[in-house]
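Both ligands and their constituent atoms are indexed starting at 1 by order of listing. Everything numeric in this text was worked out from a predicted model, so none of it was measured.
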Amino acid sequence: MTNITFIAAGMMLCAATALSAQSLSQPKDEARIDELMSRMTLTEKIGQMNQLNGMGLSKDMRGSVRSGGVGTILNELDTDTINELQRIAVEESRLGIPLIFARDVIHGFKTIFPIPLGQAASWDQSLVEQGAQIAAREASSTGIRWTFAPMIDISRDPRWGRIAESLGEDTHLASVLGAAMVRGFQGEDMSAPDRMAACAKHFAGYAASESGRDYNTTWIPRTQLRETYLPPFKAAADAGAASFMCSFNDINGIPSSGNRWLNVDLLRGEWGYDGVLVSDWGSIEQMIPHGYSADLAHAARQAADAGVDIDMMSHAYDRHLEKLVDSGKIDIAQIDAAVRRVLRMKMRLGLFENPYVRKTADAFYRTDALAAARRAAAESAVLLKNNGVLPLAKGVKKVAVVGPLADSGRDQVGTWCFDAEPEHSVTPLKALRDEALEIIHAPGLAYSRDKSSESIAAAVKAARRADVILCFVGEEAILSGEARSRADIALPGAQTELIRQLRATGKPLVLVVMAGRPLTIGAEVAMSDATIFSFHAGTMAGPGLADVITGRVSPSGHLPVTFPRMVGQVPIYYNHKNTGRPAADITLIDDIPVDAMQTSLGFTSYHLDAGDGPLFPFGYGMSYSTFEYGPVTVSTGPNGTVTATCTVTNSGRCTASDVAQLYIRDRVASLVRPIRELRGFRKFTLDAGQSADVEFKLTPDDLGFWRADETFGPEHGEFDLWIAPDSNSGVPVTFNY
Ligand code: GLC
């Protein structure tokens, strides 16, 4: 038995409060900025703060560019148009300041990777970084040099459609993976022609929208904002993210685009962040319907006062800023600070030296990109249940491939991939046809919301002829993403009926669920012999899933978000508080005796019809092997460092991967603390019978939290610590700090 020692990756990124973000300025650039700004008129300065949506080579756009009235353009995709607009900016405008062309490249440009929620299920930061790097390579080849990603909103509500774009519910995991995306997009040197500027979004607290209804109001106490929602942004800033984007929501009554405390006092003051802050689409103007601005001029002033550097499509700045400065309502210094940050970003991108894009053939779908997307699709698959039917046994010859997601190239790429080409998607059906299997295909339903059941019979007939049923269900891509919230998160359409009838055949039934959010699929999982949750897994979803289903790859995904039993449990997340009456003496609704007295049941914290726990907990995921986690040993060293170690063993029959997760609990503190908090993780692979020591090192910051007075730090006392394969398992060890 060989012993290997894994030292977990760097610990808590989010607590680094004292350290200010790395400065994005280079002395040589600052001197050039000073010189350039000394020649700029107020109109030209405001032009740099104006972002317009692409309008091709329209007269208006050419005029705006030539006059210096626009500094950045989003959604212009024609490379020749990009080069021509850039030529006008550089050669015909008075100062020759180049443009930045931007696009939402969230999880791939042409080669689409799993949606970020799926990528988070891989718990593999190098894979996530590689995906971002490939996205940058493909997008930059068309002239796009700024992406509005990573989206790092901590998402605890699966009703919210944009959970699909997020990296899940945990602050630490999102901090680590969000920083990896920033590195992937930007590389070490953002001026490289195959890199692009990142944009950490949406700043901040957007995912806390009440009832999961998009754009809704949020109420977030400062300590929770600092503890839960802000750390991934600090990690992105520390990773050198070139820009941030405002969120649409108000936080406690103040829309983020006008939130001076958030964008100036904290972002610039506390963190020292000197990247660009861009509004979201129209979010400055939307302060009017928010009821925070009386009119566009008022909104322009509030946004400028709140440190928003670029106005995306509100036309607030280009229409009102000049008058506001002339009338003394806005100080020119505020304008200069914003323009400096915009020019700094353009210099970091190398656009003053290399403004034009050189077209490169075969930039898309390269072999390495498809291979990485295939690996990501496999690693984002989470095995939720398996009674042994997976991987497919050698004797399995006939496989029924059914369900509305079995062959939908458009739906498997998921939301926020405007530039995807569904015809390039390799669907599960296409991939499985390349296996040494006899495939019998019958969709059963035409699309995920299909309520007609007449074609279910054909799927059942196919199932009866097969050795195993592979049923691909879930959500169409349109059912998640921006403004795509759902109040009920069950499988749509007649999919449950399809599954029920397939179950009735008695054939081994494997469910593969492809969706943009957790779904309440307890009944469906119960009817299956195995269930894989694959999220929307991108261009190579088919080959990636085929690798898992056939056993070429053991599944290694772990849930980045809690799966509720019922939507009524939402919000439900692993790092919840214990309450004064934690769940105990649970009597479920169907077990309550008739005429039960009011005082005959317990008085603890749970739902009568759902119990107290989730369907599947954060961090959960199976493989084709089994892993044993030995007892955890903890030692405390100098300067309050804590070292935690345990031995993990692959006690199963095949090589497989698992994710060792380190959780802590501060048992008593000046504010009640969560029952568990992720403070580190390590994905590892072991051969059957192999063991390894996994070691984590904690600093005092990793034991700290934001206190009522908004100071940060650890408090002395007892802590519990786990090293476990998910947030619901493991035996804690207690230590004193
Ligand atoms: C959208 C989204 C934002 C995106 C922007 C530009 O409304 O909220 O995430 O980057 O507009 O497309």
Are the charged groups of Arg103 and Asp419 less than 4.0 angstrom apart, N to O?
yes
Within the structure, does Asp104 bring an N/O atom to less than 3.5 angstrom of an N/O atom in ligand 1?
yes
Indicate yes or no for a side-chain donor-acceptor contact from Glu169 to the backbone of Thr562 under 3.5 Å, with no hydrogens or angles considered.
yes
Under a 4.0 angstrom heavy-atom cut-off, which atoms of ligand 1 come close to Lys201?
3 (C), 4 (C), 9 (O), 10 (O)
Under a 4.0 angstrom heavy-atom cut-off, which atoms of ligand 1 come close to Asp280?
1 (C), 2 (C), 3 (C), 4 (C), 5 (C), 7 (O), 8 (O), 11 (O)
Taking only non-hydrogen atoms of Met245, do any sit less than 4.0 angstrom from ligand 1?
yes
Could you tell me, atom by atom, which parts of ligand 1 come under 4.0 Å of a heavy atom of His202?
3 (C), 8 (O), 9 (O)
With a 4.0 Å cut-off on N to O distance, would you call Arg341 and Asp309 a salt bridge?
yes
Going by distance only, is there an N or O of Glu482 that falls short of 3.5 Å from an N or O of ligand 1?
yes
Sidechain-backbone polar pair: Thr81 side chain, Leu57 backbone, donor-acceptor under 3.5 Å
no
Over 60° means perpendicular and under 30° means parallel, so tell me whether Phe533 and Phe563 are parallel, tilted or perpendicular.
perpendicular
Distance filter under 4.0 Å to Phe248 heavy atoms, resulting ligand 1 atoms:
7 (O), 8 (O)
Distance flag, aromatic centroids of Trp416 and Phe109, threshold under 6.0 Å
no
Heavy-atom distances under 4.0 Å decide this one: backbone, side chain, both or neither, for Arg103 against ligand 1?
neither
